[in-house]
*Asks:* 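Here it is: the structure, laid out below.
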Amino acid sequence: MALLDIFRLRREVSMMCHSSAAILQQAWPFVGQYLEKLLVETIAPAIRASNTHLQTLSFTKVNLGEKAMKVVGVKAHTEHDKRQVLLDLYISYAGDVEINVEIKKYFCKAGVKGIQLHGKLRVILEPLIGDVPLVGAITMFFIRRPKLDINWTGLTNMLDIPGLNAMSDTMIMDAIASYLVLPNRLTIPLVADLHVAQLRSPLPRGVVRIHLLEAEELTAKDTVIKGIVDGKSDPYAVLRVGTQTFTSHTVDSNLNPQWREMFEVIVHEVPGQELEVEVFDKDQNQDDFLGRVKMDLDVVHKARVLDEWLKLKDVTSGSVHLRLEWLSLLSSADRLSEVIQRNRNMTCKTGEPPSAAILSVYLDRAQDLPRKKGNKDPSPMVQLSVQDTTKESRICYLTSDPVWEDAFTFYIQDPRKQELDIHVKDDDRALSLGSLSIPLTRLLASPDLSMDQWFQLDNSGRIYINAVLRVLYLNEDASLTSPVSPHPPSPGAGLAPGEVGGAPIPEPTRPQQTTPDSDFASEGVLRIHLVEASNLIAMDNFIGGMVKGKSDPYVKIRVAGVTFRSHTIKENLNPYWNELYEIILTQLPGQEIQFELFDKDLDQDDFLGRFKLNLQDIISPQFTDEWYTLNDAKSGRVHLVMEWLPMVSESARLNQILQYQAQQQYQNKAVPSAAVLFVYLERAHGLPLKKNGKEPKVGVEISLRAMSYKTKVCERSTSPRWDEAFHFLVRDPKEELLIVKLSHSWGQAMGTVVLPLREVLSEQGLVLDRWLSLDGALPESQILLRATLKMLNTQLAVCPSGVSSDATGKGSEDRDHVIHRRDTEPNLRHRSPLSQLRRGDDGGDVRSRLKPIEILPLSICVSSLRGGQSPGQVKLQIGYSTHENRLFITVLSCRGLPACGSAKDSSDPYVSFILLPDKNRTTKRKTITKKRDLNPEFNERFDFDFTLEECMQRRLDLTVKNSVSFMSRERELIGKLQLDLDQVDLENGDTQWYDLVEETN
């Protein structure tokens, strides 16, 4: 299966790349029109303003040519924020572009004839919405500078112009970076009333504090006596993260330098952004290269603290020692004093004190700025300053109502003592148009440490600013890991052990609890009770339509990409379904629930009507019990009871909920869930090696009843980390088991955890968060996970009068009660529970009159034609895996089978079945034979590659037989079962005992 999944994924990616290329090829002329407009209207004025020698520059020709940009690869990131679609497009452009430039002042003509551009473009589709176009905006940017190669024409003419002798591909690349390389983004809104500021300048993911400690065994570049005697090197390091660049001091004549410097970098995107460290030998003419190393900062994000020796690449020897710390962004000032005190204890050679917070400022616009002398419009720009750091906005030319839409970030040492100074000036930087000072203590006192409002300038006019303060917090419980270190962390010369540049190092201990995202376990549950319909259209006509017939109606319900389908009611214009569906949902704006009714026919089903409901209209009241009129149909309406279930983190109501659950009976055999289980798998530790001695590539399969999920497969490690969250609907937390299986690439087993949910029930707040030992692995093998139970607090779960529930919740002797198949509709239709609560006959509360439904095992109620002996029962697990698009049927066991063998006290049973209709009998399956066993255990699973809709049209035809020889006179058939799969809750999986019946003539 793993190999099949890989081939399927490659095929889908290949198809995506092919379709993207076709779209780009067709749209390329229009891209050229847009680029021409961008160059003439935006880039040319910016170039003219940047250099006095270029004030007469103009683009005289812009032609993108016929060769379109190609998308040579696509990678989708699905393990992160589920509210967005995140894609990496690997683009390649070798174009016949022709762009001509003229600078009239110097009578200079030059241009470009051919460009090659290669890089990784990140595309983010967010926010996801419940209506077309499904996506609110498209944001795109290069995480790293793309590789650029330009074929210049007339470049020698250009270089003769004063100030342009440094003209190069790098200069052009800087211009591209100012628009499309992080932290710059291009955002295109697709719907109205969207808060574009949050998309164009979102808060960073975090800050990485880099301790550049030391290096060793560097290459000697300064040789003496013409290379006969090796000398030393004068090493320094250059560190880059995106557009952020830092350079260390130079250590003279040393192949094992000690730097002990600290730098802080803002991280906007993980995974994707990399830390690159290059080491050079300082020389008078040209510095010599001593090696480089790269690391994806997502590794730091997951580990929180890394202390590593990293081997330098592209050289024969050398390693560099780094300590990397991931600083989380806190929206509360509760830990500010602790952070500032810890920073005071840190020292480093850079002299810059560590930051306690970052300040993110989004400069939106200003209004009513004063005009210049002569009543002329100003060309405003803004200078923003915090202490000694000043940043400038772009210039908006000739307007008193400028719109900048620029974002800035400042490092803050102590927000209790610092302030943000804002000066609005004319483009000559001399004329002041207004100023403002905002003490950061105002942000500390604001909710969520943010202010999003208009501010009055001291001169005249006003300015709109969104300012957000975030405290930088290093998790002290983070593990100090070094997965690729060639040798252990060194405290360094002249420093006491346990310090890095004077800063305390956390002990290298594993975290004791998980650190999921803030939106973990924030989903809700929607319960839909499809009751009935009335006055539907008759579609089955006879005698050419002269005689009106009936319809065979069924319902399709679509919500959040999931489709539920009811069973079909034969020949009925007022069908009664009484079916229940449940789904776990993330609340998104504009989300809808769609209902469509059809008449089942042999060829093509006829449409009977539809209607839509906004999910928010269900969430707000939490209950609805309504009749809904069908749209696009002459008549018809549908009766629904829907409930958005509030969740509670206490088990006090569990017995009451289970008692209500036992009273409900639905035609689709659904059982209302009592709780939702949220699981966060963070990491494992101490896993065994593979049989060949290599580290494993570990994935986790997590399952509860018929529902299962798989994590990503981590790179080779005995301490893998996943950071993935899952959720399950739970019928009875007292009885169900969560099974967690670890394996190498879905093959060799790496250990298992079986967690009874009753253990989570006994935890404080119904949260189990700790390391669990793995069975079938090493004694030290463990997995760190969080299991959170939340009770579904339905208001319909009212404990009936006179019914007691004991502490164990045992309400019947046999919880595996049998499904009773019923081919006829009930004569008396029951009302929904909510309707009963609302419509007491005497106008009072009828809750006290509700009585529990007593459900007896069929073995007590049914006797066989054969002297009172039953043909027995078969236990099946039937479900549908939406992850694998497969139907599975597990034959678990039989019980109470009659003796059919020659010994008259036993049988040799086996189970055979087929999924009808099946002309070629390709779905026929058979279990092994169990010798002399009247209560056999089979536990055999059979899979079928069907769509969910195909499953709904199948009937299970099952027989239990006695294995006999060809000439034997022993009775072969023991019992039969026929079951329509549209009567089974396939998506949640159903495990039940079914009655066998004798074959009748």
Side-chain angles (χ1 to χ4, degrees), residues 1 669 703 705-706 708 737 739 741 814 816-819 821 857-859 864 866 869-881 884 886-946 950-951 954-981 983-986 989-999:
M1 273 305 299
K669 314 304 179 189
S703 58
R705 290 201 326 272
S708 66
L737 304 174
I739 301 175
K741 296 180 180 178
D814 189 356
D816 289 330
H817 61 270
V818 181
I819 285 190
R821 297 190 65 248
L858 199 65
S859 56
S864 171
R866 200 184 314 108
Q869 186 180 12
S870 166
Q873 297 170 337
V874 60
K875 189 175 184 180
L876 304 175
Q877 183 184 50
I878 307 175
Y880 188 83
S881 172
E884 299 178 349
R886 284 189 172 193
L887 169 72
F888 63 87
I889 299 175
T890 305
V891 181
L892 297 170
S893 57
C894 293
R895 68 182 179 187
L897 300 181
C900 300
S902 57
K904 297 184 179 180
D905 60 353
S906 66
S907 295
D908 298 335
Y910 69 91
V911 178
S912 172
F913 68 86
I914 190 172
L915 297 174
L916 301 176
D918 185 358
K919 294 180 180 180
N920 300 321
R921 304 180 70 79
T922 58
T923 61
K924 188 170 183 179
R925 301 290 188 272
K926 174 185 172 182
T927 70
I928 61 173
T929 301
K930 295 290 185 176
K931 295 291 185 180
R932 301 177 63 82
D933 195 344
L934 299 182
N935 299 285
E937 297 277 345
F938 297 102
N939 295 320
E940 293 189 45
R941 171 169 165 157
F942 304 92
D943 290 0
F944 303 89
D945 290 324
F946 292 152
E950 288 175 325
C951 295
R954 297 278 180 160
R955 168 178 284 194
L956 174 67
D957 187 357
L958 179 145
T959 57
V960 180
K961 295 182 179 181
N962 177 36
S963 180
V964 297
S965 63
F966 178 70
M967 299 297 292
S968 174
R969 292 188 177 182
E970 296 177 16
R971 185 162 63 89
E972 180 183 16
L973 179 66
I974 296 177
K976 288 181 65 68
L977 168 70
Q978 287 196 336
L979 179 66
D980 291 326
L981 294 189
Q983 305 295 312
V984 180
D985 184 9
L986 293 178
D990 215 353
T991 303
Q992 298 286 353
W993 285 101
Y994 296 86
D995 283 332
L996 296 172
V997 297
E998 288 192 325
E999 189 172 34

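Throughout, residue positions are numbered sequentially from 1 according to the sequence presented. No hydrogens, no waters, no symmetry mates; every other heavy atom, side chains included, goes into these values. None of these values were measured; they are calculated from a predicted model.
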*Asks:* Determine yes or no for a side-chain-to-main-chain donor-acceptor pair under 3.5 angstrom, with Asn962 supplying the side chain and Asp908 the backbone.
*Replies:*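 Here the side-chain-to-backbone pair exists.
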*Asks:* List the steps and the verdict of side-chain contact (heavy atoms from CB on, under 4.5 Å) for Asp918 and Arg954.
*Replies:* CA-CA 9 Å; Asp918 185 358; Arg954 297 278 180 160; 4.2 Å; yes
*Asks:* Could you grab the distance from atom CG of Leu892 to atom NZ of Lys875, nearest 0.5 Å is fine?
*Replies:*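 Result: 6.0 Å between the selected atoms.
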*Asks:* Check the pair Ile878, Leu986 against side-chain contact (heavy atoms from CB on, under 4.5 Å), reporting the backbone distance first and the verdict last.
*Replies:* CA-CA 6 Å; Ile878 307 175; Leu986 293 178; 3.6 Å; yes
*Asks:* Could you check whether any side-chain N or O of Thr929 sits under 3.5 Å from a backbone N or O of Ser963, counting only pairs where one atom can act as donor and the other as acceptor?
*Replies:*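 No: the side chain of Thr929 does not pair with the backbone of Ser963.
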*Asks:* Going by ring-ring contact (aromatic ring centres under 6.0 Å, His included), name the residues that satisfy it together with Tyr880, two or more places apart in sequence or in a different chain.
*Replies:*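 Tyr880 satisfies ring-ring contact (aromatic ring centres under 6.0 Å, His included) with no residue once adjacent residues are dropped.
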*Asks:* Do Leu979 and Leu958 touch side chain to side chain, with heavy atoms closer than 4.5 Å?
*Replies:*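 Leu979 vs Leu958: side chains apart.
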*Asks:* Mind checking what makes salt bridge (charged side-chain N to carboxylate O under 4.0 Å, His left out) contact with Arg705, not counting sequence neighbours?
*Replies:*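 Scan of Arg705 (salt bridge (charged side-chain N to carboxylate O under 4.0 Å, His left out), adjacent residues dropped) gives Glu736.
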*Asks:* Looking at CD of Gln873 and CD of Gln992, how far apart are the two atoms once the value is rounded to the nearest 0.5 Å?
*Replies:*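 So the CD of Gln873 and the CD of Gln992 are separated by 11.0 Å.
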*Asks:* Considering non-hydrogen atoms only, spot the tightest contact between Val960 and Cys894 and give its length.
*Replies:*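 Shortest heavy-atom contact: CG2-SG, 4.2 Å.
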*Asks:* Among Lys926, Lys930, Lys931, exactly one meets side chain to side chain contact (heavy atoms under 4.5 Å, CB included) together with Ile928. Which residue is that?
*Replies:*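 Between Ile928 and the candidates, side chain to side chain contact (heavy atoms under 4.5 Å, CB included) is satisfied uniquely by Lys930.
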*Asks:* Is Asn935 close to Ser893 at the side-chain level, that is, under 4.5 Å between some pair of heavy atoms?
*Replies:*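 No, every pair of side-chain atoms sits at 4.5 Å or beyond.
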*Asks:* Tell me, do Val997 and Pro871 make a side-chain contact under 4.5 Å, heavy atoms counted?
*Replies:*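 Not in contact.
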*Asks:* What residue pairs, at least two apart or across chains, pass ring-ring contact (aromatic ring centres under 6.0 Å, His included) with a residue in residues 906-929?
*Replies:*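 Matches after skipping sequence neighbours: Phe913-Phe942.
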*Asks:* Quick one: are Ser907 and Leu897 in side-chain contact, heavy atoms under 4.5 Å?
*Replies:*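 Counting from C-beta outward, Ser907 and Leu897 never come under 4.5 Å.
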*Asks:* Look only at the side chain of Ser912 and the backbone of Lys924, and say whether a donor-acceptor pair between them is shorter than 3.5 Å.
*Replies:*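 Not confirmed, Ser912 side chain does not pair with Lys924 backbone.
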*Asks:* Determine, step by step, whether Phe944 and Glu950 satisfy the side-chain contact (heavy atoms from CB on, under 4.5 Å) criterion, reporting the C-alpha distance in whole Å, the side-chain angles of both residues, the deciding distance to 0.1 Å, and the verdict.
*Replies:* CA-CA 11 Å; Phe944 303 89; Glu950 288 175 325; over 6 Å; no
*Asks:* Kindly write out the residues that satisfy side chain to side chain donor-acceptor pair (under 3.5 Å) with Ser708, not counting sequence neighbours, or none if the list is empty.
*Replies:*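 Result, side chain to side chain donor-acceptor pair (under 3.5 Å) vs Ser708: none returned.
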*Asks:* Taking side-chain contact (heavy atoms from CB on, under 4.5 Å) as the definition, give me every residue that meets it alongside Asp957, ordered by chain and number, with sequence neighbours left out.
*Replies:*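 Partners of Asp957 under the side-chain contact (heavy atoms from CB on, under 4.5 Å) test: Ile914, Leu916, Lys976, Gln978.
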*Asks:* Restricting to non-hydrogen atoms, name the atom on Gly989 and the atom on Ala706 that form the minimum distance, rounded to 0.1 Å.
*Replies:*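 What the structure gives for the nearest pair is CA-CB, 3.4 Å.
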*Asks:* Can you tell me how far the CG atom of Leu977 sits from the OH atom of Tyr994, to the nearest 0.5 Å?
*Replies:*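 Leu977 CG to Tyr994 OH: 7.5 Å, rounded to 0.5 Å.
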*Asks:* Just jot down the salt bridge (charged side-chain N to carboxylate O under 4.0 Å, His left out) partners of Asp943, sequence neighbours excluded, or say none.
*Replies:*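 Residues passing salt bridge (charged side-chain N to carboxylate O under 4.0 Å, His left out) with Asp943: Arg886, Arg941.
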*Asks:* Pick one: which of Asp990, Leu956, Thr991 meets side chain to side chain contact (heavy atoms under 4.5 Å, CB included) with Leu876?
*Replies:*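 Passing option: Leu956.
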*Asks:* Measuring from Arg925:CZ to Leu915:CG, what's the distance to the nearest 0.5 Å?
*Replies:*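 The distance works out to 8.0 Å.
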*Asks:* Roughly how far apart are Thr959 OG1 and Leu973 CG, rounded to 0.5 Å?
*Replies:*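 Nearest 0.5 Å value for the OG1-CG distance: 6.5 Å.
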*Asks:* First locate atom CD1 of Ile974, then atom CG of Leu934, and finally report the distance between them rounded to the nearest 0.5 Å.
*Replies:*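 The CD1 atom of Ile974 sits 8.0 Å away from the CG atom of Leu934.
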